[in-house]
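So that the names make sense, note that chain A is the first sequence line, chain B the second, and so on, each numbered from 1.
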2 protein chains.
Amino acid sequence: MGEPNDETIQTTKTSLEVVHTLQEIGPARLSEIADRLDMAESTTHRHLQTLRDLRYVSRDGDRYQLGLRFTRLGRAARTRDPAYEMTQSHVQELAEETGERAQFVVEDHGLGIYVHVETGSRAVRAGFGVGRQIHLHSSSAGKAILANYPRERVDEIIDRWGLPALTDHTITDREELYDELEAVRERGVAFNRKEHVDGINGTAVPVRRDGDVLGALAVAGPSHRLTGDQFEQEVPDMMLAAANELELNVTYATPESADDHIVE
Amino acid sequence: MGEPNDETIQTTKTSLEVVHTLQEIGPARLSEIADRLDMAESTTHRHLQTLRDLRYVSRDGDRYQLGLRFTRLGRAARTRDPAYEMTQSHVQELAEETGERAQFVVEDHGLGIYVHVETGSRAVRAGFGVGRQIHLHSSSAGKAILANYPRERVDEIIDRWGLPALTDHTITDREELYDELEAVRERGVAFNRKEHVDGINGTAVPVRRDGDVLGALAVAGPSHRLTGDQFEQEVPDMMLAAANELELNVTYATPESADDHIVE
DNA sequence: TTATGGATTCCGTTCTGCGGAACAACTGTT
DNA sequence: AACAGTTGTTCCGCAGAACGGAATCCATAA
């Protein structure tokens, strides 16, 4: 199945399709999964057995569900770079200082992923938790990151993910985005004015290590609170200070890896 | 490869072997991974391409590493049951009240997995983070869970994972463990006296929903602090109160699932 | 009991994932 | 500059493995 030169394994993809199905619909029965993926039940069964054998799927009565082993892998991914962990305290501080939601976002495969999320006292509870994947063009963090990438890489990402309009304010034009990124580069700070979610503004600054961008610190909150001078000066200043300190930590860090391998 | 009636898929296992390798040794080059798994480079390459295509692996220069997409799956697993999320605040409270490390542990495939971990003010920093997998026989949480399982299930778990001695105090005898579990059942509280890690004690209580065990709340700390009456009365009482409240929440919960599906 | 819906096992065929070898892209060396 | 040397990528023929369909098993219900 597939083009002549498909250097990729179908079976693995299928297995992960099964995992994705479980992720999307939660605990499900075999036939439900088979239906959804349009696969023979015998095949689905085999995939589920395999995943179960590996502890990536478990059963709850007659339902299959995600295995908790993924938690371990998720943490491993989130700590794959020791620098990520150093950002946590800064995110926490930003959340406290601003009272809003603060995040640390990293780019992977052209998407932004929330590696740390902390909510300040006034922050709205929302489902934007750790692991969430977002488009880069519509978020402050994403723009802070893209602004530090060479044009060609930005193009690759746009080609892959497009510029979908998430709200009426989302930038959907390539040229317009280039201009915006240019502005971010000059300012050193990226803004998001209801471009990602209606009624939510955001500010972000890049975090650099050696030459290149490690990720971005971001603060987000209701547009009626994050506005005016506070939005354009005070919060950005806090964030620049945080990013600065962070960059020092990260660049001259003692990479003391406190790994733990017990039962795998 | 494999027994005559092996109802499981080799290719998928191999792909996940690659993932595990990355998890263990961090960013690595192709040849390193191929060597370690004793696979042809072409094969390894194909697996890595596939995983990369799925965003479960990414490259950092000439190294391969875990993709951040696992973070999302990890979170999905950790929140697969809405009840897990309700435990978080209780874990937090226990950590604050006791000053020690508090956890919520769930059994999956015969192992205990830390679903929530919070550290109190006095708690020792250690690498026992979320996602950590532990043997059930040597931890307070594990014993609290096993005590509520039928004998045959306990046997299955022992058969699969054995009773390895993690310290000099670990229970390694099957009969002795049965007795201990009996005591836990009567008391309603499980103790761990340096059985898992030298110098660390723990207390745990089961959390039930309807008939069966959802998981266990546990508190752990240095054995010189967690001792005497405080260890055997005060902390257990706090935990029983917490578990009780929790069980009410969990049993009569409003399962308002605030899921988010954006870019997958 | 039979019927029904689902999960599991069996089996023959096909196709796909496999390793080896050839090729390409770098790096540093003489 | 030509060169080994090293690592990553692509090609290719074949063995073996994953596939779907059918048969079987296992509940629960009628």
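Distance CE (B:M39) to C1' (C:dC18): 9 Å, rounded to an integer number of Å. To the nearest angstrom, C1' of C:dT9 lies 15 Å from CG of A:L48. To the nearest angstrom, P of C:dC15 lies 19 Å from CD1 of A:I9. Atoms CZ (B:R52) and C1' (D:dT9) sit 12 Å apart, rounded to a whole Å. Look at CZ on A:R36: it is 19 Å from C1' on C:dG6, rounded to the nearest Å. Atom pair B:K13:NZ and D:dA18:P shows a separation of 10 Å (rounding to whole Å applied). Atom CD1 in B:I33 sits roughly 15 Å away from atom C1' in D:dT9 (whole-Å rounding). Rounded to a whole Å, the CD atom of A:Q10 is 11 Å from the C1' atom of D:dA18.
Nearest nucleotide to the B:S42 side chain, out of D:dA18, C:dA21, C:dC10: C:dA21.
In this model, the phosphate group of C:dG17 is not approached by any side-chain N or O of B:H47 to a distance below 4.0 Å at OP1 or OP2. Of the side-chain N and O atoms in A:R46, none sit less than 4.0 angstrom from OP1 or OP2 of D:dA18.
Listed by chain and number, the residues in a side chain to side chain donor-acceptor pair (under 3.5 Å) with B:H90 are B:N249 (sequence neighbours excluded). By the side chain to side chain donor-acceptor pair (under 3.5 Å) test, B:R36 pairs with no residue at all, sequence neighbours left out. Residues forming a side chain to side chain donor-acceptor pair (under 3.5 Å) with A:E156 (at least two apart in sequence, or on another chain): none. Applying the side chain to side chain donor-acceptor pair (under 3.5 Å) rule to A:D53 yields the partners B:K13; only residues at least two apart in sequence or on another chain are considered.
Nucleotides of DNA chain C nearest to A:T11 and A:Q49 differ in position, and the one nearer the 5' end is that of A:Q49.
Here B:R29 does not pair with B:D35 in a salt bridge; the nearest charged N to carboxylate O distance is not below 4.0 Å.
Sorted pairs that involve residues 14-23 of chain B and meet salt bridge (charged side-chain N to carboxylate O under 4.0 Å, His left out), not counting sequence neighbours, are lacking altogether.
Only one option out of B:L66, B:V18, B:L22 pairs with B:L51 in a side-chain contact (heavy atoms from CB on, under 4.5 Å); it is B:V18.
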Between the protein and nucleotides 4-8 of chain D, list the N/O to N/O atom pairs that are separated by less than 3.5 angstrom.
| unit_1 | atom_1 | unit_2 | atom_2 | d |
| --- | --- | --- | --- | --- |
| D:dG8 | OP1 | B:L30 | N | 3.2 |
| D:dG8 | OP2 | B:S31 | N | 2.8 |
| D:dG8 | OP2 | B:S31 | OG | 3.1 |

